[in-house]
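First up is the structure itself, then whatever we jot down about it.
Treat the numbers as computed from the prediction; the structure is a model and nothing was measured. Throughout, protein chains are lettered first and strands after them, A, B, ... in sequence-line order, and every chain is numbered starting at 1.
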Amino acid sequence: MTALVWFRHDLRISDHPALDAALRAHDRVVPVFCFDDRLLAGRHASGPRTRFLIECLEDLDAELRERGARLVVRRERPERALIELAGITGATEVYYTRDVTPFARSRGRSVHAALEAAGIAEQALPGLTVADDVAAVRTRAGGPYAVFSPFYRSWLDIPRRAPIPAPAHIPSPPGLDHGRIPTADELGLSAALEGAQRGGEREAVARLDRFLRGPIHQYAEERDRPDLDGTSKLSAYLHFGCLSPREVEAALPRGEGPQQWRRQLCWRDFYHHVQFHYPENARLEYQVRYRGTIAWTEDDALFAAWTEGRTGFPLVDAAMRQLRRDGWMHNRARLVAGSFLTKQLGIDWRRGEQWFMRLLIDGDQANNNGNWQWIASVGVDPQPVFRRVYNPTLHLERYDPEGVYVREYVPELRRVPRRHLAEPWKMPESVQREAGCVIGSDYPRPVVDLAAAREAALARYAAAAAADA
DNA sequence: TCTCAATTTCG
DNA sequence: GAAATTGAG
(Lines give C-alpha, C1' and ligand atoms only; values in the text may rest on other atoms or scores of the structure.)
Protein backbone atom coordinates (compact mmCIF):
# COMPACT_ATOMS: atom_id res chain seq x y z
CA MET A 1 0.00 0.00 0.00
CA THR A 2 1.17 3.50 -0.87
CA ALA A 3 0.60 6.83 0.88
CA LEU A 4 1.24 10.43 -0.10
CA VAL A 5 2.85 12.81 2.39
CA TRP A 6 1.80 16.34 1.52
CA PHE A 7 4.52 18.76 2.67
CA ARG A 8 3.72 22.41 3.34
CA HIS A 9 5.68 24.25 5.97
CA ASP A 10 7.01 21.15 7.64
CA LEU A 11 10.05 20.81 5.39
CA ARG A 12 12.06 18.32 7.41
CA ILE A 13 12.40 14.60 7.99
CA SER A 14 13.25 14.72 11.69
CA ASP A 15 10.34 14.64 14.16
CA HIS A 16 7.76 14.67 11.38
CA PRO A 17 4.67 12.90 12.76
CA ALA A 18 2.87 12.78 9.41
CA LEU A 19 5.84 11.24 7.62
CA ASP A 20 6.34 8.82 10.48
CA ALA A 21 2.69 7.74 10.53
CA ALA A 22 2.69 7.21 6.76
CA LEU A 23 5.81 5.07 6.95
CA ARG A 24 4.37 2.95 9.74
CA ALA A 25 1.12 2.22 7.94
CA HIS A 26 2.33 1.91 4.35
CA ASP A 27 4.94 0.03 2.30
CA ARG A 28 5.69 3.01 0.09
CA VAL A 29 5.56 6.73 0.67
CA VAL A 30 5.50 9.55 -1.88
CA PRO A 31 6.58 12.97 -0.51
CA VAL A 32 4.83 15.78 -2.39
CA PHE A 33 5.13 19.56 -2.48
CA CYS A 34 2.78 21.77 -4.50
CA PHE A 35 3.73 25.26 -5.66
CA ASP A 36 0.41 27.00 -5.35
CA ASP A 37 -0.08 30.21 -7.32
CA ARG A 38 -2.53 31.40 -4.71
CA LEU A 39 0.45 31.69 -2.35
CA LEU A 40 3.16 32.66 -4.84
CA ALA A 41 1.14 35.58 -6.18
CA GLY A 42 -1.20 36.27 -3.28
CA ARG A 43 -1.51 39.15 -0.83
CA HIS A 44 1.52 38.02 1.12
CA ALA A 45 3.72 36.96 -1.80
CA SER A 46 7.41 37.44 -1.09
CA GLY A 47 10.46 37.05 -3.30
CA PRO A 48 12.95 36.64 -0.44
CA ARG A 49 10.77 34.09 1.32
CA THR A 50 10.12 32.11 -1.87
CA ARG A 51 13.87 31.94 -2.47
CA PHE A 52 14.34 30.59 1.03
CA LEU A 53 11.55 28.08 0.35
CA ILE A 54 13.33 26.84 -2.77
CA GLU A 55 16.48 26.24 -0.73
CA CYS A 56 14.47 24.36 1.87
CA LEU A 57 12.96 22.14 -0.81
CA GLU A 58 16.34 21.42 -2.40
CA ASP A 59 17.70 20.39 0.98
CA LEU A 60 14.65 18.27 1.75
CA ASP A 61 14.98 16.55 -1.61
CA ALA A 62 18.65 15.80 -0.89
CA GLU A 63 17.75 14.29 2.47
CA LEU A 64 14.99 12.22 0.91
CA ARG A 65 17.34 10.95 -1.83
CA GLU A 66 19.81 9.75 0.76
CA ARG A 67 16.95 7.61 2.05
CA GLY A 68 15.73 6.22 -1.23
CA ALA A 69 12.96 8.70 -2.10
CA ARG A 70 12.56 11.88 -4.13
CA LEU A 71 10.49 14.95 -3.47
CA VAL A 72 7.68 15.07 -6.01
CA VAL A 73 7.08 18.66 -7.03
CA ARG A 74 3.99 19.97 -8.82
CA ARG A 75 3.14 23.50 -9.90
CA GLU A 76 -0.51 22.94 -9.37
CA ARG A 77 -3.15 23.26 -6.72
CA PRO A 78 -3.00 20.39 -4.23
CA GLU A 79 -6.68 19.66 -4.85
CA ARG A 80 -5.67 18.44 -8.31
CA ALA A 81 -2.07 17.33 -7.81
CA LEU A 82 -2.79 15.00 -4.88
CA ILE A 83 -5.67 13.28 -6.70
CA GLU A 84 -3.58 12.82 -9.85
CA LEU A 85 -0.63 11.44 -7.91
CA ALA A 86 -2.85 9.12 -5.93
CA GLY A 87 -4.23 7.85 -9.24
CA ILE A 88 -0.76 7.24 -10.70
CA THR A 89 0.73 5.63 -7.59
CA GLY A 90 -2.36 3.86 -6.30
CA ALA A 91 -2.04 5.74 -3.01
CA THR A 92 -4.94 5.21 -0.65
CA GLU A 93 -4.14 7.82 1.94
CA VAL A 94 -2.74 11.35 2.23
CA TYR A 95 -0.82 12.42 5.36
CA TYR A 96 -0.09 16.02 6.29
CA THR A 97 0.70 18.31 9.21
CA ARG A 98 -2.29 20.20 10.62
CA ASP A 99 -2.18 23.97 10.05
CA VAL A 100 -4.13 26.89 11.52
CA THR A 101 -4.20 29.89 9.18
CA PRO A 102 -7.45 30.85 7.50
CA PHE A 103 -5.94 30.19 4.07
CA ALA A 104 -4.57 26.80 5.09
CA ARG A 105 -7.92 25.84 6.54
CA SER A 106 -10.03 26.90 3.57
CA ARG A 107 -7.60 25.20 1.19
CA GLY A 108 -7.71 22.18 3.50
CA ARG A 109 -11.47 22.03 3.08
CA SER A 110 -11.12 22.00 -0.72
CA VAL A 111 -8.50 19.28 -0.51
CA HIS A 112 -10.69 17.33 1.87
CA ALA A 113 -13.65 17.51 -0.50
CA ALA A 114 -11.54 16.45 -3.48
CA LEU A 115 -9.99 13.53 -1.61
CA GLU A 116 -13.34 12.40 -0.29
CA ALA A 117 -14.86 12.46 -3.78
CA ALA A 118 -11.94 10.37 -5.02
CA GLY A 119 -12.28 7.88 -2.19
CA ILE A 120 -8.87 8.71 -0.69
CA ALA A 121 -8.46 8.81 3.08
CA GLU A 122 -6.54 11.55 4.92
CA GLN A 123 -4.67 11.85 8.17
CA ALA A 124 -3.88 15.21 9.79
CA LEU A 125 -1.06 15.07 12.34
CA PRO A 126 0.62 17.54 14.71
CA GLY A 127 4.05 19.08 14.24
CA LEU A 128 3.44 22.76 13.62
CA THR A 129 3.77 23.88 17.24
CA VAL A 130 5.59 22.83 20.40
CA ALA A 131 2.48 21.52 22.09
CA ASP A 132 0.22 19.31 20.01
CA ASP A 133 -3.19 20.80 19.39
CA VAL A 134 -2.62 24.28 20.83
CA ALA A 135 -6.08 25.10 19.50
CA ALA A 136 -7.59 22.92 22.23
CA VAL A 137 -6.15 24.87 25.19
CA ARG A 138 -8.96 26.49 27.21
CA THR A 139 -9.28 29.00 30.02
CA ARG A 140 -11.12 28.04 33.20
CA ALA A 141 -14.18 29.69 31.71
CA GLY A 142 -13.90 27.31 28.77
CA GLY A 143 -12.95 29.80 26.06
CA PRO A 144 -9.79 30.44 24.08
CA TYR A 145 -7.05 32.58 25.62
CA ALA A 146 -6.51 36.23 24.73
CA VAL A 147 -3.79 37.04 27.28
CA PHE A 148 -0.33 35.60 27.04
CA SER A 149 0.71 34.99 30.68
CA PRO A 150 -2.15 32.70 31.67
CA PHE A 151 -1.79 30.92 28.34
CA TYR A 152 1.88 30.39 29.12
CA ARG A 153 1.07 28.87 32.51
CA SER A 154 -1.40 26.42 30.95
CA TRP A 155 0.95 25.70 28.08
CA LEU A 156 3.73 24.63 30.45
CA ASP A 157 1.42 21.91 31.78
CA ILE A 158 0.41 20.43 28.44
CA PRO A 159 1.82 16.89 28.13
CA ARG A 160 4.45 16.64 25.40
CA ARG A 161 5.05 13.81 22.96
CA ALA A 162 8.51 12.34 22.47
CA PRO A 163 10.28 13.62 19.35
CA ILE A 164 10.48 11.13 16.49
CA PRO A 165 13.89 10.41 14.95
CA ALA A 166 14.35 10.87 11.20
CA PRO A 167 13.59 7.69 9.25
CA ALA A 168 16.61 5.74 8.00
CA HIS A 169 14.90 4.64 4.82
CA ILE A 170 11.91 5.95 2.90
CA PRO A 171 10.66 3.34 0.43
CA SER A 172 9.16 5.03 -2.60
CA PRO A 173 7.57 3.72 -5.80
CA PRO A 174 10.01 3.68 -8.75
CA GLY A 175 9.52 5.33 -12.11
CA LEU A 176 7.52 8.29 -10.93
CA ASP A 177 7.85 11.65 -12.69
CA HIS A 178 9.05 13.63 -9.70
CA GLY A 179 8.96 16.97 -11.48
CA ARG A 180 11.46 19.68 -10.62
CA ILE A 181 11.89 22.39 -8.04
CA PRO A 182 11.52 25.64 -9.98
CA THR A 183 14.42 28.08 -9.96
CA ALA A 184 14.12 31.62 -8.68
CA ASP A 185 14.34 32.83 -12.29
CA GLU A 186 11.53 30.57 -13.43
CA LEU A 187 9.32 32.05 -10.75
CA GLY A 188 10.29 35.55 -11.85
CA LEU A 189 11.82 36.46 -8.50
CA SER A 190 13.89 39.61 -8.17
CA ALA A 191 17.55 39.54 -7.14
CA ALA A 192 18.51 37.77 -3.93
CA LEU A 193 18.89 39.85 -0.79
CA GLU A 194 22.41 40.70 0.22
CA GLY A 195 22.38 39.18 3.67
CA ALA A 196 19.73 36.47 3.48
CA GLN A 197 20.08 33.23 5.45
CA ARG A 198 20.23 29.93 3.63
CA GLY A 199 17.22 27.62 3.86
CA GLY A 200 17.09 23.91 4.69
CA GLU A 201 16.91 21.44 7.55
CA ARG A 202 20.63 20.74 7.68
CA GLU A 203 21.49 24.44 7.84
CA ALA A 204 18.83 24.80 10.56
CA VAL A 205 20.30 22.02 12.67
CA ALA A 206 23.78 23.52 12.40
CA ARG A 207 22.45 26.93 13.51
CA LEU A 208 20.51 25.40 16.36
CA ASP A 209 23.60 23.55 17.58
CA ARG A 210 25.65 26.74 17.52
CA PHE A 211 22.95 28.60 19.42
CA LEU A 212 22.56 25.89 22.05
CA ARG A 213 26.28 25.67 22.66
CA GLY A 214 26.77 29.38 23.27
CA PRO A 215 24.40 32.34 22.98
CA ILE A 216 21.36 30.70 24.56
CA HIS A 217 23.03 30.90 27.96
CA GLN A 218 23.21 34.70 27.69
CA TYR A 219 19.79 34.91 26.04
CA ALA A 220 18.04 36.37 29.10
CA GLU A 221 20.48 39.30 29.19
CA GLU A 222 21.18 39.75 25.49
CA ARG A 223 17.95 38.97 23.68
CA ASP A 224 16.96 42.63 23.41
CA ARG A 225 20.31 43.74 22.04
CA PRO A 226 20.29 44.08 18.25
CA ASP A 227 23.99 44.98 18.37
CA LEU A 228 24.93 41.55 19.72
CA ASP A 229 24.49 38.18 18.10
CA GLY A 230 22.35 37.07 21.01
CA THR A 231 19.24 35.64 19.36
CA SER A 232 18.80 32.28 17.66
CA LYS A 233 17.84 33.59 14.21
CA LEU A 234 15.85 30.38 13.82
CA SER A 235 12.52 32.04 13.03
CA ALA A 236 12.64 31.34 9.29
CA TYR A 237 13.57 27.72 9.91
CA LEU A 238 10.68 27.37 12.32
CA HIS A 239 8.33 29.01 9.86
CA PHE A 240 9.14 26.54 7.11
CA GLY A 241 9.33 23.65 9.56
CA CYS A 242 13.00 22.91 8.87
CA LEU A 243 13.07 22.43 12.62
CA SER A 244 10.41 20.76 14.71
CA PRO A 245 9.46 23.16 17.51
CA ARG A 246 8.83 20.20 19.79
CA GLU A 247 12.20 18.66 19.04
CA VAL A 248 13.90 21.99 19.64
CA GLU A 249 12.17 22.33 23.00
CA ALA A 250 13.24 18.84 23.99
CA ALA A 251 16.86 19.70 23.15
CA LEU A 252 17.01 22.78 25.42
CA PRO A 253 19.50 22.73 28.28
CA ARG A 254 18.63 23.97 31.76
CA GLY A 255 19.03 27.55 32.86
CA GLU A 256 17.50 31.00 32.73
CA GLY A 257 18.50 31.73 29.12
CA PRO A 258 16.97 28.52 27.72
CA GLN A 259 13.86 29.11 29.84
CA GLN A 260 13.42 32.61 28.42
CA TRP A 261 13.90 31.33 24.90
CA ARG A 262 11.36 28.58 25.48
CA ARG A 263 8.94 31.28 26.52
CA GLN A 264 9.44 32.84 23.09
CA LEU A 265 8.53 29.51 21.53
CA CYS A 266 5.34 29.76 23.57
CA TRP A 267 4.54 33.14 21.98
CA ARG A 268 4.61 31.31 18.67
CA ASP A 269 2.19 28.67 19.96
CA PHE A 270 0.05 31.41 21.50
CA TYR A 271 -0.33 33.27 18.21
CA HIS A 272 -1.22 30.01 16.48
CA HIS A 273 -3.87 29.45 19.12
CA VAL A 274 -5.18 32.99 18.56
CA GLN A 275 -5.10 32.66 14.77
CA PHE A 276 -7.12 29.45 15.00
CA HIS A 277 -9.82 30.88 17.24
CA TYR A 278 -9.97 34.37 15.76
CA PRO A 279 -9.40 33.97 12.01
CA GLU A 280 -10.97 37.40 11.39
CA ASN A 281 -7.86 38.91 13.05
CA ALA A 282 -6.14 38.39 9.71
CA ARG A 283 -7.86 41.57 8.53
CA LEU A 284 -9.61 43.11 11.52
CA GLU A 285 -8.49 44.37 14.90
CA TYR A 286 -9.06 41.81 17.65
CA GLN A 287 -10.33 44.65 19.85
CA VAL A 288 -13.74 45.48 18.47
CA ARG A 289 -13.62 49.07 19.74
CA TYR A 290 -10.77 49.79 17.34
CA ARG A 291 -12.37 48.27 14.24
CA GLY A 292 -12.73 51.08 11.73
CA THR A 293 -12.56 53.72 14.47
CA ILE A 294 -8.91 54.81 14.41
CA ALA A 295 -8.20 57.81 12.17
CA TRP A 296 -5.06 56.44 10.48
CA THR A 297 -2.85 58.79 8.52
CA GLU A 298 -2.85 58.24 4.77
CA ASP A 299 0.56 59.62 3.97
CA ASP A 300 2.48 57.75 1.28
CA ALA A 301 5.56 59.92 1.67
CA LEU A 302 5.80 59.13 5.38
CA PHE A 303 5.20 55.46 4.71
CA ALA A 304 7.97 55.46 2.10
CA ALA A 305 10.35 57.14 4.55
CA TRP A 306 9.61 54.30 6.95
CA THR A 307 10.02 51.44 4.46
CA GLU A 308 13.22 52.93 3.05
CA GLY A 309 14.79 53.64 6.41
CA ARG A 310 15.00 57.41 6.18
CA THR A 311 12.85 58.61 9.05
CA GLY A 312 15.74 60.44 10.68
CA PHE A 313 15.60 58.17 13.72
CA PRO A 314 18.73 55.99 13.61
CA LEU A 315 17.30 52.92 15.34
CA VAL A 316 14.17 52.86 13.16
CA ASP A 317 16.22 53.40 10.02
CA ALA A 318 18.74 50.69 10.94
CA ALA A 319 15.86 48.29 11.59
CA MET A 320 14.14 48.98 8.29
CA ARG A 321 17.38 48.70 6.34
CA GLN A 322 18.21 45.45 8.07
CA LEU A 323 14.87 44.12 6.83
CA ARG A 324 15.65 45.14 3.25
CA ARG A 325 19.20 43.83 3.32
CA ASP A 326 18.80 40.59 5.26
CA GLY A 327 15.08 39.73 5.02
CA TRP A 328 15.18 39.57 8.79
CA MET A 329 14.98 42.02 11.68
CA HIS A 330 15.90 41.74 15.34
CA ASN A 331 12.81 41.33 17.51
CA ARG A 332 13.38 44.45 19.63
CA ALA A 333 13.91 46.42 16.42
CA ARG A 334 10.63 45.03 15.03
CA LEU A 335 8.82 46.40 18.06
CA VAL A 336 10.45 49.81 17.77
CA ALA A 337 9.78 49.98 14.02
CA GLY A 338 6.20 48.81 14.51
CA SER A 339 5.56 51.24 17.32
CA PHE A 340 7.00 54.04 15.21
CA LEU A 341 4.80 53.31 12.19
CA THR A 342 1.55 52.84 14.07
CA LYS A 343 1.99 55.30 16.93
CA GLN A 344 4.43 58.07 16.02
CA LEU A 345 3.46 58.10 12.33
CA GLY A 346 -0.17 57.06 12.87
CA ILE A 347 -0.18 54.74 9.86
CA ASP A 348 -2.45 51.70 9.70
CA TRP A 349 -0.77 48.57 11.14
CA ARG A 350 -1.98 46.55 8.12
CA ARG A 351 0.39 48.48 5.87
CA GLY A 352 3.29 47.58 8.14
CA GLU A 353 2.12 43.98 8.37
CA GLN A 354 2.04 43.72 4.59
CA TRP A 355 5.46 45.32 4.14
CA PHE A 356 6.98 42.89 6.63
CA MET A 357 5.33 39.93 4.91
CA ARG A 358 6.82 41.03 1.63
CA LEU A 359 10.39 41.06 2.90
CA LEU A 360 10.67 38.76 5.91
CA ILE A 361 12.00 35.31 5.16
CA ASP A 362 10.39 34.23 8.43
CA GLY A 363 7.12 35.98 7.48
CA ASP A 364 4.41 33.96 9.15
CA GLN A 365 0.74 34.87 9.06
CA ALA A 366 0.00 33.96 12.67
CA ASN A 367 3.12 35.50 14.23
CA ASN A 368 3.40 38.58 12.05
CA ASN A 369 -0.26 39.48 12.36
CA GLY A 370 -0.22 38.78 16.10
CA ASN A 371 2.85 40.93 16.68
CA TRP A 372 1.57 43.82 14.55
CA GLN A 373 -1.73 43.85 16.39
CA TRP A 374 0.19 43.66 19.67
CA ILE A 375 2.44 46.63 18.97
CA ALA A 376 -0.48 48.61 17.48
CA SER A 377 -2.37 47.98 20.76
CA VAL A 378 -5.38 46.58 18.91
CA GLY A 379 -4.81 42.86 19.46
CA VAL A 380 -4.76 40.20 22.14
CA ASP A 381 -2.72 40.56 25.32
CA PRO A 382 -4.06 44.10 25.80
CA GLN A 383 -2.21 46.82 27.70
CA PRO A 384 -2.85 50.57 27.88
CA VAL A 385 -1.79 52.26 24.63
CA PHE A 386 0.86 54.39 26.35
CA ARG A 387 2.76 51.26 27.35
CA ARG A 388 3.43 50.43 23.76
CA VAL A 389 4.62 53.77 22.48
CA TYR A 390 8.33 53.13 22.27
CA ASN A 391 10.78 55.98 22.13
CA PRO A 392 13.37 55.15 19.43
CA THR A 393 15.91 57.51 20.99
CA LEU A 394 15.76 55.95 24.43
CA HIS A 395 15.67 52.47 22.96
CA LEU A 396 18.85 53.19 21.07
CA GLU A 397 20.58 54.34 24.27
CA ARG A 398 19.42 51.26 26.10
CA TYR A 399 19.73 48.47 23.55
CA ASP A 400 22.47 49.64 21.18
CA PRO A 401 24.59 51.62 23.64
CA GLU A 402 27.73 51.75 21.48
CA GLY A 403 25.82 52.30 18.25
CA VAL A 404 27.17 49.13 16.66
CA TYR A 405 23.81 48.12 15.17
CA VAL A 406 23.00 51.58 13.84
CA ARG A 407 26.43 52.07 12.27
CA GLU A 408 26.23 48.64 10.62
CA TYR A 409 23.01 49.38 8.77
CA VAL A 410 23.11 53.17 8.41
CA PRO A 411 26.53 53.92 6.92
CA GLU A 412 25.89 57.69 6.84
CA LEU A 413 26.13 57.61 10.63
CA ARG A 414 29.35 55.63 10.89
CA ARG A 415 31.52 58.60 11.74
CA VAL A 416 28.98 60.31 13.98
CA PRO A 417 30.32 60.42 17.56
CA ARG A 418 28.67 58.02 19.96
CA ARG A 419 27.09 60.79 22.08
CA HIS A 420 25.25 62.23 19.07
CA LEU A 421 24.04 58.96 17.58
CA ALA A 422 20.65 58.80 19.27
CA GLU A 423 19.73 62.36 18.27
CA PRO A 424 21.93 63.25 15.31
CA TRP A 425 19.81 66.31 14.49
CA LYS A 426 21.17 67.93 17.65
CA MET A 427 24.77 67.71 16.44
CA PRO A 428 26.49 71.09 16.12
CA GLU A 429 27.10 71.95 12.49
CA SER A 430 30.85 71.69 12.85
CA VAL A 431 30.52 68.15 14.18
CA GLN A 432 28.17 67.30 11.31
CA ARG A 433 30.73 68.43 8.77
CA GLU A 434 33.51 66.66 10.63
CA ALA A 435 31.53 63.40 10.63
CA GLY A 436 30.56 63.75 6.96
CA CYS A 437 26.95 63.63 8.04
CA VAL A 438 25.14 66.88 7.44
CA ILE A 439 21.57 66.61 8.69
CA GLY A 440 19.10 67.34 5.94
CA SER A 441 21.45 66.28 3.15
CA ASP A 442 23.57 63.27 4.17
CA TYR A 443 21.04 61.99 6.70
CA PRO A 444 17.38 63.06 6.97
CA ARG A 445 15.98 65.41 9.52
CA PRO A 446 13.51 63.58 11.84
CA VAL A 447 10.14 63.20 10.10
CA VAL A 448 8.21 63.86 13.33
CA ASP A 449 8.65 65.47 16.71
CA LEU A 450 8.63 62.56 19.16
CA ALA A 451 6.87 64.23 22.06
CA ALA A 452 4.15 65.71 19.87
CA ALA A 453 3.77 62.41 17.97
CA ARG A 454 3.34 60.53 21.23
CA GLU A 455 0.59 62.88 22.39
CA ALA A 456 -1.12 62.68 18.99
CA ALA A 457 -1.04 58.89 19.13
CA LEU A 458 -2.61 58.76 22.59
CA ALA A 459 -5.29 61.20 21.44
CA ARG A 460 -5.96 59.16 18.27
CA TYR A 461 -6.58 56.00 20.26
CA ALA A 462 -8.60 57.78 22.92
CA ALA A 463 -10.85 59.31 20.26
CA ALA A 464 -11.30 55.90 18.63
CA ALA A 465 -12.27 54.24 21.90
CA ALA A 466 -14.66 57.11 22.68
CA ALA A 467 -16.25 56.89 19.23
CA ASP A 468 -16.97 53.24 19.83
CA ALA A 469 -18.47 53.72 23.30
C1' DT B 1 8.58 43.47 26.96
C1' DC B 2 6.77 51.82 28.50
C1' DT B 3 7.71 56.77 29.59
C1' DC B 4 8.48 60.54 32.34
C1' DA B 5 9.14 62.87 36.33
C1' DA B 6 9.10 63.00 41.22
C1' DT B 7 11.18 61.01 45.17
C1' DT B 8 14.44 58.48 47.76
C1' DT B 9 18.90 56.59 48.50
C1' DC B 10 23.65 56.73 48.57
C1' DG B 11 28.42 58.34 48.55
C1' DG C 1 24.68 65.34 42.54
C1' DA C 2 24.02 60.93 40.51
C1' DA C 3 21.73 56.68 40.59
C1' DA C 4 18.00 53.80 41.94
C1' DT C 5 13.12 53.48 42.99
C1' DT C 6 8.43 54.66 42.67
C1' DG C 7 4.02 56.19 40.82
C1' DA C 8 0.84 58.03 37.41
C1' DG C 9 -0.80 57.90 32.95
| task | Grab the OH-P distance between A:Y399 and B:dT3 for me, whole Å please. | result | 8 Å
| request: Measure from OH on A:Y271 to C1' on B:dT1 and round the result to the nearest Å. | output: 11 Å
| note | Rounded to whole Å, the CZ-C1' distance (A:R268 to B:dT1) equals 20 Å
| task | Answer with yes or no whether A:R454 presents, from its side chain, a donor or acceptor under 3.5 Å of a partner atom in the base of B:dT3. | result | no
| A:F386 has an atom CZ; how far is it from atom P of B:dC2, in whole Å? | 11 Å
| message | Once you apply a heavy-atom cut-off of 4.0 Å, does A:R334 come out as touching a base, just sugar-phosphate, or nothing? | response | nothing
| Is the A:H395 to A:Y390 ring centre distance short of 6.0 Å? | yes
| field | CZ (A:R418) with more than 12 external heavy atoms under 6.0 Å | value | yes
| task | Before accepting this row, confirm whether a basic side-chain N of the pair A:R246/A:D269 lies closer than 4.0 Å to the acidic partner's carboxylate O. | result | no
| said: With a cut-off of less than 4.0 Å, is there a side-chain N or O of A:N371 near OP1 or OP2 of B:dT1? | reply: no
| CD1 of A:I375 versus P of B:dT1: gap in Å, rounded? | 12 Å
| Pair A:R419-A:E397, salt bridge (charged side-chain N to carboxylate O under 4.0 Å, His left out): steps then yes or no | CA-CA 9 Å; A:R419 67 185 172 286; A:E397 300 279 5; over 6 Å; no
| Are A:H395 and B:dC2 close enough that a side-chain N or O sits under 4.0 Å from OP1 or OP2? | no
| said: Classify A:Q264 by what it touches in the nucleic acid, base, sugar-phosphate, or nothing, heavy-atom distance under 4.0 Å. | reply: base
| Does A:W374 make a side-chain donor-acceptor contact with the base of B:dT1, cut-off 3.5 Å? | no
| Are the aromatic ring centres of A:Y152 and A:F270 under 6.0 angstrom apart? | no
| Rounded to whole angstrom units, what separation is found between the CG atom of A:L458 and the C1' atom of C:dG9? | 9 Å
| message | What is the distance, to the nearest angstrom, from the NZ atom on A:K343 to the P atom on B:dT1? | response | 14 Å
| query | Tell me: CZ of A:R263 to P of B:dT1, nearest whole Å? | reply | 7 Å
| message | Does A:L335 reach a base, just sugar-phosphate, or nothing at all? Heavy atoms under 4.0 Å. | response | base
| query | Between B:dT1, C:dG9, B:dT3, which nucleotide gets closest to the side-chain atoms of A:R387? | reply | C:dG9
